[in-house]
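Here is the structure we will look at.
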Amino acid sequence: MIKLFPFLALVILMAGCSTRGVSPRSAYEAPAPAVATRTTPAASTYKHPTMRPYTVNGRRYFPTVVQKGDTFDGRASWYGPDFHGKLTSNGERYDMYSATAAHKTLPMNTIVRVTNKRNGQQTVVRINDRGPFVASRIIDLSKKAATDLDMVGAGTTDVHLEVLGFAGKGERVIPTEAALRAGPAEQIVTAFYIQIGAFRRFEGASITQQKYNGFEGYKTIIKDTEYNNERLFRVWLGKFKSEAEAHDFIASSPFEHAFIVRK
């Protein structure tokens, strides 16, 4: 049995593992044409988004890290005049004439090529919003992007998504292909670990680190910390690309009292 200090779990979890994020706008299946509809947060209550999980209509969403070349297939919708000028989930004003889109979990500023599988037409968009919150849809496009795909009249269409790269923080234009190629291979927003042990003596932490280093392909690190004026050596295992991945790992692992931490 791994030596743990259960009384620390709640304190550390509250300090480093908050899951409260922005409350994204919701969408529902609209009458024909099937244009996504949503509500917009009031400017006075708006909070800047993070990669933290969030809940909409009782469902939990876990924003995750993606790499260049990742692909997805699903159904696209679009939203237009009713939301022009209103806040998106990353704090920008929605511009239906810009090449942007909403996605449930992709990091903000991810650049995605969207292909209309019905006619082969393509467009490139920047993710700056959350949604659409309809089970059958994976992306909600601006009117410009929908026009590029010739899907405005239909309202929805089957699409193929490919991650091309990432724009810089605060950058509101889509980088050139050369800049995307030269950019990072993945969007690292935060790293998730699980704490598998906490020890007053370094020797105990070192033994646990060596025992579980490489477990299921993950690595261990020791964090030298202080708690209640006492030195404490914590052993973390990771790193996980998302909180969902860490949750799934804990559920099938032998670490009964492990909990998620962020770095």
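Keep in mind it's a predicted model, so treat the numbers as computed, not measured.
Checked by atom type and distance alone, the side chain of K104 pairs as donor or acceptor with a backbone atom of R137 at under 3.5 Å. No donor-acceptor pair under 3.5 Å is formed between the side chain of K144 and the backbone N or O of D95. Judged by distance alone, with hydrogens and angles left aside, the side-chain atoms of N213 form no donor-acceptor pair with the main-chain N or O of Q210 at under 3.5 Å. Although no hydrogens or angles enter the test, the distance criterion places no donor-acceptor pair under 3.5 Å between the side chain of S206 and the main chain of E203. Side-chain atoms of N116 never come within 3.5 Å of backbone atoms of Q121 as a donor-acceptor pair (strictly under, hydrogens ignored). In this structure, K68 contributes its side chain and G183 its backbone to a donor-acceptor pair below 3.5 Å.
Distance check: F83 CZ to M96 CE gives 12.0 Å after rounding to the nearest 0.5 Å. Taking CG from L141 and OG from S77, the interatomic distance works out to 7.0 Å, rounded to the nearest 0.5 Å. Atom CG of residue L164 and atom CZ of residue R181 lie 10.5 Å apart, to the nearest 0.5 angstrom. In this structure, OG1 in T110 is found 11.0 Å from CG in N128, a value given to the nearest 0.5 Å. Distance check: W236 CH2 to I222 CD1 gives 12.5 Å after rounding to the nearest 0.5 Å. Rounding to the nearest 0.5 Å gives a distance of 9.5 Å between CD of E216 and CG of L237.
The cluster map of Ile, Leu, Val, Met, Phe, Trp and Tyr, joined by side-chain heavy atoms under 4.5 Å apart, puts I221 and V261 in the same cluster. Taken together through direct or relayed side-chain contacts under 4.5 Å among Ile, Leu, Val, Met, Phe, Trp and Tyr, I111 and L161 form parts of separate hydrophobic clusters. V112 and V66 fall within the same hydrophobic cluster, defined by Ile, Leu, Val, Met, Phe, Trp and Tyr side-chain heavy atoms under 4.5 Å apart, directly or through other members. By the criterion of side-chain heavy atoms lying less than 4.5 angstrom apart, applied directly or through intervening Ile, Leu, Val, Met, Phe, Trp or Tyr residues, F199 is grouped together with F215 in one hydrophobic cluster. Note: the hydrophobic cluster containing L149 does not contain V124 (ILVMFWY, side chain heavy atoms under 4.5 Å, direct or indirect links).
Heavy atoms of other residues, nucleotides or ligands lying less than 6.0 angstrom from CD of E177 number 12 at most. The environment of R201 atom CZ is sparse: at most 12 non-hydrogen atoms of other residues, nucleotides or ligands sit within 6.0 angstrom. Within a 6.0 Å sphere centred on NZ of K117, other residues, nucleotides and ligands contribute more than 12 heavy atoms.
Side-chain atoms of R75 and T156 form a donor-acceptor pair, as typed in the model, at a separation below 3.5 Å. Using modelled atom types and a 3.5 Å distance limit, the side chains of E92 and N90 yield a donor-acceptor pair. The closest side-chain donor-acceptor pair between T71 and E162, if any, does not fall under 3.5 angstrom.
Looking at every heavy atom in both residues, F233 comes nearest to R231 through CZ-NE, 3.3 Å. Nearest approach of F166 to L180, heavy atoms of both residues: N-CD2, 3.6 Å. For A167 against V173, the heavy-atom pair with the smallest separation is CB-O, 4.2 Å. Minimum heavy-atom separation, I250 to F255: CG2-O, 4.4 Å. Between A246 and I194, the closest heavy-atom pair is CB-CG2, 4.2 Å. Smallest separation of non-hydrogen atoms from S142 and S98: OG-O, 2.6 Å.
Note on ring orientation: taking the six-membered ring where Trp is involved, the planes of F249 and F240 are tilted (angle from 30° to 60°). Using a 30° and 60° split on the angle between ring planes, H84 and Y94 fall in the perpendicular class, above 60°.
Among V159, D148, T157, the single residue meeting the side chain to side chain contact (heavy atoms under 4.5 Å, CB included) criterion with V114 is V159.
Between Q67 and V163 the shortest side-chain heavy-atom distance does not fall below 4.5 Å.
Looking at residues two or more places apart in sequence or on another chain, you find no side chain to side chain donor-acceptor pair (under 3.5 Å) involving Q209.
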How far apart are the C-alpha atoms of T220 and T208, what are their side-chain angles, what is the distance that settles it, and do they pass the side-chain contact (heavy atoms from CB on, under 4.5 Å) test?
CA-CA 9 Å; T220 52; T208 299; over 6 Å; no
For R113 and H160: C-alpha separation, side-chain torsions, deciding distance, then whether side-chain contact (heavy atoms from CB on, under 4.5 Å) applies.
CA-CA 8 Å; R113 177 187 290 122; H160 176 76; over 6 Å; no
